[in-house]
Amino acid sequence: MRHTHTSDAVLPAHRTGPPQSVHDRHARHAPWPYTRLDVAALRAAGHRPHPIRQFVLKTRSRCNLACTYCYVYEMADQSWRGQPAVMAPATAARAAERIAEHAAAHALTRVDLVLHGGEPLLTAPARLAEPVDAVRAAVAVAAPRTRVTATVQTNGTLLTRGRLAALAAAGIRVGVSLDGGLPAHNSRRVDHAGRPGFGAAARGLRLLARHPDSYAGVLCVIDLDQDPVETYESLLAFAPPSVGLLLPLANWSSPPPGHRPGATPYADWLLAVFERWWHDGVRRTRIRTFEEIIALLLGLPAATETLGLAPAATAVIETDGSIEQADSLKSAYEGAAATGMTLATHSFDQLLGHPGLAARQLGRDALAAGCRACELVEVCGGGHYPHRYRAGEGFHGPSVYCADLQLLIRHIAAALATAARQPGPPGEAALPAPPAPPAPPVPSIPSGEAALPHRSPAARPAAVTGVAAPTGLAVPTGVPAPARPAAVTGVPAPARPAAVTGVPAPARPAAVTGVPAPARPVAVTGVPAPARPAAPTAVPAPARVSAPVRPAVAS
């Protein structure tokens, strides 16, 4: 059993060979993008970078749990060993200056902060909000029109009334990582002595549920050994405003459990939850993955990097002041998130020129040929970037979950089209209405799991009802899900789907404004659409079900 220290000591670096420069390591493990993407040529050709909008502050590099699947401590990258256990006040102050500088340079209307670790609640309650206060003070001077939102992502075991009060007073919302609502679902979430962490986490979540204004949601990593519907329904006992169901961090060189050609175990797991959620009659919570797929099928932009083609817009600041890429990359290889940049020597504008970040802002142009040609590319977006990795090649291939994503998206599209065709009683919308739209969300990142970096989204509608689908939108209609693909690439598409119009959009969180929406909704082109069902007009939403205040979708 690994024993992660929570003292301020820096542990000996974990190396398996001679030291390598950051560039050499990237070039060896991931030729694409690090040796094959010419950022200078991109800029000369007119490609402009998108500013950073989400800043992950690693206020603690150690954790009080020792989850067996944690990407920070248990996967390829072991750089945590060389990090200070705590972010010093001077580092937090420098981070605040750099964030304010970036916000002012790009006239950002909002920046999102995520306090992360390790376990950020190892910090004493009186000091929890200090990094956020520092950023708000610096931004108020340099960019007074920029709003700063903040979330902390925690394992929940250290949530107390005192910590919740301190976080609420600073306007910091709380996201919790939990793999289900029963002890059996959380067997991988243990402390350093191997004792279960579920009891303490459940107590913390029950306390958090009494403070809905502070509750951002729950993030759950999929475990194929657990019953999907039981996992979902057990989480509802904690009244989460949002649930994120995360695919385990895996890639072609380190495949996920259950991975084999032709199999789609993760789609099967997710679709069991989707059927329960979709046909529930009321929306007891929001499930981010499903709502994002529905939005993308309707031609709306997504706010997470796991789906869609929007540019990545997240930077991570380590406890020593290093500027890094998204934490989830640490599942690929040692140093995969490193940039060689620090707060002392580099601005966030310089980060925009890093090949790793530039690649994740290219959208369709960053994808493999098979992905670019796929009719689902606008929804799938090639899958989560770390899931595309193959040792010695890099991040240019399809997702290791490609077959799962195809089945999942097609099934949801068919359900959406079926709902659009079904006439409801007079005065009711064809699609069940989700809960009331939340206040602008702060994307949350799971502690020790699959980090979900922020993408720069376009302006997004907040209305629940009365939003018609974009003209020309096409989704599969009236057909069962196709046979599962036998291979990751070259899977023939099913019969051309029919267009659906007039479908009310699901509730969408407000997002960063001022970025134009994508020009192209998802559509299957070249085939005339059959007669379209009449769109419901001026249909009021059904009476809303009582729900926690200010639910948010974590991204």
*asked:* I'd like to check Leu219 versus Leu246 (side-chain heavy atoms, cut-off strictly below 4.5 Å). Are they in contact?
replied: yes
*Side chain of Asp191, backbone of Pro196: donor and acceptor closer than 3.5 Å?*
no
*asked:* Do Ile52 and Leu357 make a side-chain contact, defined as non-hydrogen atoms from C-beta onward lying under 4.5 Å apart?
replied: yes
*Tyr389 side, atom OH; His29 side, atom NE2 - distance, nearest 0.5 Å*: 6.0 Å
*Would you please say whether a donor-acceptor pair under 3.5 Å links the side chains of Asp77 and Tyr333?*
no
_Euclidean distance, Arg410 CZ relative to Ile293 CD1, rounded to 0.5 Å_ = 12.5 Å
*asked:* Whether Arg372 and Asp365 form a salt bridge (side-chain N of Lys/Arg under 4.0 Å from carboxylate O of Asp/Glu) is what I want to check.
replied: no
_Suppose we call two aromatic rings close when their centres sit under 6.0 Å apart. Are Tyr385 and His396 close by that rule?_
no
*Tyr401 and His384: side-chain donor and acceptor closer than 3.5 Å?*
no
*Within the distance-only criterion (no hydrogens, no angle test), does the side chain of Asp179 pair as donor or acceptor with the backbone N or O of Val221 below 3.5 angstrom?*
yes
*Does any N or O in the side chain of Asn251 come within less than 3.5 Å of the main-chain N or O of Ser254, such that one atom is a donor and the other an acceptor?*
yes
_Would you say that Val218 contacts Ser242 through its side chain, given a criterion of any heavy-atom pair below 4.5 Å between the two side chains?_
no
*Nearest-0.5 Å distance, CH2 of residue Trp278 to CG of residue Leu416*: 5.5 Å
_Closest heavy-atom pair and its distance - Arg288, Thr304_ = CD-CG2, 4.0 Å
*Under 3.5 Å: donor-acceptor pair, side chain of His192, backbone of Cys63*: yes
*Check whether any side-chain heavy atom of Pro31 lies under 4.5 Å from a side-chain heavy atom of Arg36, and answer yes or no.*
yes
*Judged by atom type as modelled, is there a donor-acceptor pair below 3.5 Å linking the side chain of Ser399 to the main-chain atoms of Gly383?*
no
*Do Arg388 side-chain atoms and Gly382 backbone N/O form a donor-acceptor pair below 3.5 Å?*
yes
*asked:* Donor-acceptor pair, distance only, cut-off 3.5 Å: does the side chain of Trp269 make one with the backbone of Asp223?
replied: yes
*Would you kindly say whether Gln78 and Trp80 are connected by a side-chain donor-acceptor distance under 3.5 Å?*
yes
*asked:* Looking at Glu305 and Arg360, is any side-chain nitrogen of the basic one under 4.0 Å from a carboxylate oxygen of the acidic one?
replied: yes
*Do you see a donor-acceptor pair shorter than 3.5 Å between the side chains of Thr314 and Gln54?*
yes
*Would you call Lys330 and Glu318 a salt bridge, using N to O less than 4.0 angstrom?*
yes
*asked:* Can a side-chain donor-acceptor contact be found between Thr68 and Glu74 if the only test is distance below 3.5 angstrom?
replied: no
*Is the backbone of Thr285 close enough, under 3.5 Å, to the side chain of Trp277 for a donor and an acceptor to pair up by distance?*
yes
*Can you check side-chain contact (heavy atoms from CB on, under 4.5 Å) on Ile409 and Cys380, steps first, answer last?*
CA-CA 8 Å; Ile409 292 167; Cys380 170; 3.8 Å; yes
*Does Arg53 come within less than 4.0 Å of Asp112, counting only side-chain N to carboxylate O?*
no
*Hey, what do you get for CG (Leu37) to CG (Leu362), rounding to the nearest 0.5 Å?*
6.0 Å
*Any donor-acceptor pair under 3.5 Å linking the side chain of Asn155 with the backbone of Ser177?*
no
*Could you walk me through whether Ser253 and Arg390 pass the side-chain contact (heavy atoms from CB on, under 4.5 Å) check?*
CA-CA 5 Å; Ser253 297; Arg390 190 186 296 270; 4.0 Å; yes
*Determine the minimum heavy-atom distance between Arg189 and Cys67, stating which atoms define it.*
CA-SG, 3.8 Å
_Output field: ring centroids His259/Trp252 closer than 6.0 Å_ = yes
*If every non-hydrogen atom of Leu408 is compared with every non-hydrogen atom of Ala267, which pair is closest and at what distance?*
N-CB, 4.3 Å
*Evaluate the side-chain contact (heavy atoms from CB on, under 4.5 Å) criterion for residues Phe290 and Val273: first the C-alpha distance (whole Å), next the side-chain angles of each, then the deciding distance (0.1 Å), finally the verdict.*
CA-CA 10 Å; Phe290 303 155; Val273 179; 4.1 Å; yes
_More than 12 heavy atoms of other groups within 6.0 Å of Arg206 CZ_ = yes
*asked:* Could you report the tightest heavy-atom contact between Ile222 and Pro248, atom names first, then the distance?
replied: O-CG, 3.6 Å
*Taking the side chain as every heavy atom from C-beta outward, state whether Ser328 and Tyr71 have any pair of such atoms under 4.5 Å apart.*
no
*Just by distance, do the side chain of His411 and the backbone of Glu275 share a donor-acceptor pair under 3.5 Å?*
no
*Pair Glu119 + Arg62: basic N to acidic O under 4.0 Å*: no
*Distance-only side-chain donor-acceptor flag, Tyr232 / Asp227, under 3.5 Å*: no
*State plainly whether the residues Glu291 and Arg283 are in salt-bridge range, i.e. N to O under 4.0 Å.*
no
*Establish, from distance only, whether the side-chain atoms of Tyr34 and Arg28 form a donor-acceptor pair under 3.5 Å.*
no
*Is there a side-chain contact (heavy atoms from CB on, under 4.5 Å) between Val174 and Gln153 once you walk through the steps?*
CA-CA 6 Å; Val174 182; Gln153 190 65 34; over 6 Å; no
*Looking only at heavy atoms, what is the nearest atom pair of Met75 and Ser331, with distance?*
CE-CB, 3.7 Å
_Pairwise side-chain contact, Arg195 with Val190, heavy-atom cut-off 4.5 Å (strictly under)_ = no
*Taking the side chain as every heavy atom from C-beta outward, state whether Trp32 and Pro355 have any atom pair closer than 4.5 Å.*
no
*Approximate separation, where rounding is to 0.5 Å, of Phe274 CZ and Ile412 CD1*: 5.0 Å
*Nearest-0.5 Å distance that lies between atom OG1 in Thr157 and atom CG in Asn64*: 4.0 Å
*asked:* On a heavy-atom basis, which atom in Thr35 and which in Ala27 lie closest, and how many Å separate them?
replied: CG2-CB, 3.5 Å
_Any side-chain heavy-atom pair of Lys58 and Leu115 under 4.5 Å_ = no
